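This report refers to the structure that appears directly beneath it.
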Amino acid sequence: METAAPSAVIVAIDGPSGTGKSSTSKAVAAKLGLRYLDTGAQYRAITWWMITNGIDTDDADAVALAAGKPAIVSGTDPAGPTITVDGVDASGPIRTREVTSKVSAVSAVPEVRALITDLQRSIAAAAEGGIVVEGRDIGTTVLPDADLKVFLTASPEARAARRSGELRGKEAADVAATKEALIKRDAADSGRKTSPLAKAADAVEVDTTELTLEQVIECVVTLVEEKRAGRK
Ligand SMILES: Nc1ncnc2c1ncn2[C@@H]1O[C@H](COP(=O)(O)OP(=O)(O)OP(=O)(O)O)[C@@H](O)[C@H]1O
Ligand SMILES: Nc1ccn([C@H]2C[C@H](O)[C@@H](COP(=O)(O)O)O2)c(=O)n1
């Protein structure tokens with residue numbers, strides 16, 4: 001595995017869905033002048049490609065056979081991260097309900113994980129000034145030598161309320177449905193055989209349930225600065 005330049009700081013942020021990984025990672029990267037990689041977006045992108053190309057996402061053999069076909073490219077500017085599939089902007093389509101409901105099945109296929117993991121490692125290695133990479137298996141599998149590993153958690157109620165807050169004008173009943181959907185997705189992501197959602201043994205766990213987003217960002221910035229100071 002290639003490694004980034006010695007001065008670069010590599011930060012791995014993992015955790016279940018809705019714990020604040022993307023918001024925190026983007027803000028930390030922007031504050032510290034680091035690149036930013038949303039690995040969930042890559043799994044969503046390959047899932048979207050499977051759907052639009054008529055591949056049955058529950059057929060692991062078919063998904064494995066097609067996995068190498070799409071070209072997925074991630075832009076790592078924290079002020080405007082991008083994702084394209086075969087040159088087409090996929091940032092909108094990857095956030096649909098259909099993709100969200102199918103992404104756990106596609107991301108559980110070992111051939112998909114092998115390809116996307118290689119892509120993630122090459123992006124991290126190319127980030128000369130350092131990078132914040134967020135996902136489910138970054139600290140355990142993708143970048144086990146990361147300088148700092150953070151595992152974000154939050155109660156299912158807090159996560160569902162946060163997600164429902166994004167859906168303007170919806171009924172309160174959506175909070176219950178959202179909570180059920182995220183618990184189901186976490187169970188699938190934690191239960192798969194290949195690099196499941198898990199906290200690395202050396203990760204710092206941060207429970208964000210009672211914290212504002214700004215407090216979480218400040219906490220992670222401090223952890224990165226402490227690591228940097230320790231390396232001098
Ligand atoms: N500490 C917090 N307090 C309140 N709201 C928060 C907090 N952290 C994140 N949020 C909000 O919760 C929502 C989900 O956050 P975000 O997308 O960053 O989570 P995530 O862990 O990346 O989710 P996923 O894994 O599903 O992509 C966003 O609307 C975000 O603004
Ligand atoms: N490192 C990763 C990142 C994501 N996934 C899978 C599992 C998630 O349910 C899905 C979407 O991620 P999100 O956009 O919600 O962060 O992608 C994974 O398996 N490994």
Side-chain angles (χ1 to χ4, degrees), residues 12-29 36-48 50 57 72 74 78 81 83 90-91 93-110 112-121 123-124 132-143 146 149-168 175 178-179 181-198 200 206-220:
I13 301 196
D14 290 300
S17 54
T19 50
K21 298 181 301 295
S22 300
S23 328
T24 304
S25 302
K26 246 184 280 183
V28 168
Y36 160 70
L37 179 62
D38 176 356
T39 64
Q42 297 174 317
Y43 286 106
R44 286 173 179 273
I46 197 165
T47 302
W48 175 62
M50 295 288 165
T57 54
I72 294 169
S74 299
I83 181 108
S91 54
I94 63 168
R95 304 289 163 192
T96 61
R97 233 175 250 255
E98 186 182 18
V99 169
T100 301
S101 69
K102 293 179 171 169
V103 65
S104 290
V106 172
S107 63
V109 175
V112 168
R113 298 208 74 80
L115 283 162
I116 300 285
T117 297
D118 279 352
L119 180 61
Q120 292 161 357
R121 287 178 178 156
I123 292 169
V132 182
V133 184
E134 55 116 339
R136 304 292 191 288
D137 62 338
I138 310 305
T140 54
T141 304
V142 178
L143 301 167
K149 299 178 188 178
V150 176
F151 194 80
L152 297 183
T153 64
S155 70
E157 291 72 24
R159 295 190 281 135
R162 291 172 189 175
R163 277 267 172 259
S164 300
E166 292 171 348
L167 309 165
R168 279 186 214 98
V175 180
T178 302
K179 182 176 151 188
L182 62 83
I183 287 173
K184 191 173 160 203
R185 188 147 63 96
D186 290 346
D189 295 341
S190 307
R192 66 170 176 245
K193 282 205 181 96
T194 312
S195 54
L197 158 65
V206 180
D207 183 347
T208 71
T209 308
E210 303 292 338
L211 302 178
T212 64
L213 178 57
E214 288 65 34
Q215 287 172 321
V216 181
I217 294 163
E218 224 21 72
C219 170
V220 176

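Counting convention: from 1, in listed order, for ligands and their atoms alike. We count residues from 1, following the sequence as given. Computed over heavy atoms, backbone and side chain alike; hydrogens, waters and symmetry mates excluded. Since the structure is predicted, the reported quantities are computational estimates derived from the model, not experimental observations.
- Considering every non-hydrogen atom in both P110 and T194, the closest pair reads CG-OG1, 3.6 Å.
- Contacts of R44 with ligand 2, taken as heavy-atom pairs under 4.0 Å, involve the side chain alone.
- By the 4.5 Å heavy-atom criterion applied to side chains, V142 and V133 are not counted as neighbours.
- Under the 4.5 Å side-chain criterion, counting only non-hydrogen atoms from C-beta, M50 is not in contact with T47.
- Distance from atom 20 (N) of ligand 2 to its nearest protein heavy atom, with residue and atom name: R113 NH2, 3.0 Å.
- For the residue pair I13 and S25, the shortest heavy atom distance occurs at CD1-OG, 3.6 Å.
- By the 4.5 Å heavy-atom criterion applied to side chains, S23 and L213 are counted as neighbours.
- When hydrogens are left out, the protein atom nearest atom 30 (C) of ligand 1 is S23 OG, 3.5 Å; that is the closest non-hydrogen contact.
- Under a 4.0 angstrom heavy-atom cut-off, G18 registers as being in contact with ligand 1.
- Each of the atoms 26 (O) of ligand 1 lies under 4.0 Å from some heavy atom of R185.
- Counting heavy atoms from C-beta on, the side chains of L211 and C219 never come closer than 4.5 Å.
- Close contacts of ligand 1 with K21, meaning ligand atoms under 4.0 Å from a residue heavy atom, involve 18 (O), 19 (O), 20 (P), 21 (O), 22 (O), 23 (O), 24 (P), 25 (O).
- Atom CD1 of I72 is separated from atom OH of Y43 by 10.0 Å, given to the nearest 0.5 angstrom.
- Below 3.5 Å of separation, one finds no N or O of R44 facing any N or O of ligand 1.
- Side chains of L182 and P16 form no contact here, defined as non-hydrogen atoms less than 4.5 Å apart.
- Using a 4.0 Å cut-off to heavy atoms of D137, the atoms of ligand 2 that qualify are 1 (N), 2 (C), 20 (N).
- The closest approach between a heavy atom of R192 and any atom of ligand 2 is below 4.0 Å.
- Distances from atom 14 (C) of ligand 1 to the heavy atoms of R95, R163, R159 show the closest one on R163.
- Taking only non-hydrogen atoms, the option from E134, K26, R162 nearest to atom 6 (C) of ligand 1 is R162.
- Remark: minimum distance from atom 5 (N) of ligand 2 to any protein heavy atom is reached at Y43 CD1, 3.5 Å.
- For ligand 2, the atoms closer than 4.0 angstrom to any heavy atom of R95 are 14 (O).
- Nearest protein heavy-atom contact of atom 28 (C) of ligand 1 is E166 OE2, 2.9 Å.
- For the residue pair S17/D186, the side-chain donor-acceptor check at 3.5 Å is satisfied.
- With I46 as the partner, the side-chain contact (heavy atoms from CB on, under 4.5 Å) test is satisfied by one option alone out of L115, V103, V106: V106.
- Here is the list of ligand 2 atoms found below 4.0 Å of a heavy atom in S107: 6 (C), 7 (C), 19 (O).
- Below 4.0 Å from some heavy atom of S22 lie the following atoms of ligand 1, by number and element: 18 (O), 20 (P), 22 (O).
- The proximity of T212 to ligand 1, defined as any non-hydrogen pair under 4.0 Å, is limited to the backbone.
- Between the side chains of S107 and R44, no donor-acceptor pair is found at a separation under 3.5 Å.
- Annotation: R136 places an N or O atom under 3.5 Å from an N or O atom of ligand 2; distance criterion only.
- Scanning both residues, L37 and Q42, for their nearest heavy atoms gives CD1-NE2, 3.7 Å.
- Using a 4.5 Å cut-off on side-chain heavy atoms (C-beta onward), P93 and V99 make no contact.
- Of the N or O atoms in T39, one or more lie within a sub-3.5 Å distance of an N or O in ligand 2.
- In terms of protein heavy-atom proximity, atom 7 (C) of ligand 2 is nearest to D189 OD2, 3.3 Å.
- Judged by distance alone, the side chain of D14 and the main-chain N or O of D137 form a donor-acceptor pair under 3.5 Å.
- For ligand 1, the atoms sitting less than 4.0 Å from at least one non-hydrogen atom of L211 are 1 (N), 2 (C), 3 (N), numbered in the order shown with element in parentheses.
- Under 4.0 angstrom from ligand 2, the non-hydrogen atoms of R185 all belong to its side chain.
- Which parts of ligand 1 touch R136 is read off a 4.0 Å heavy-atom cut-off, strictly below it: atoms 25 (O).
- Distances below 4.0 Å separate heavy atoms of G20 from the following atoms of ligand 1: 8 (N), 9 (C), 15 (O), 16 (P), 18 (O), 19 (O), 20 (P), 21 (O).
- In this structure, the side chain of R159 does not engage the main chain of R162 through any donor-acceptor pair within 3.5 Å.
- Every atom of ligand 2 is numbered from 1 in the order shown, and the set under 4.0 Å from a heavy atom of G135 is 1 (N), 3 (C).
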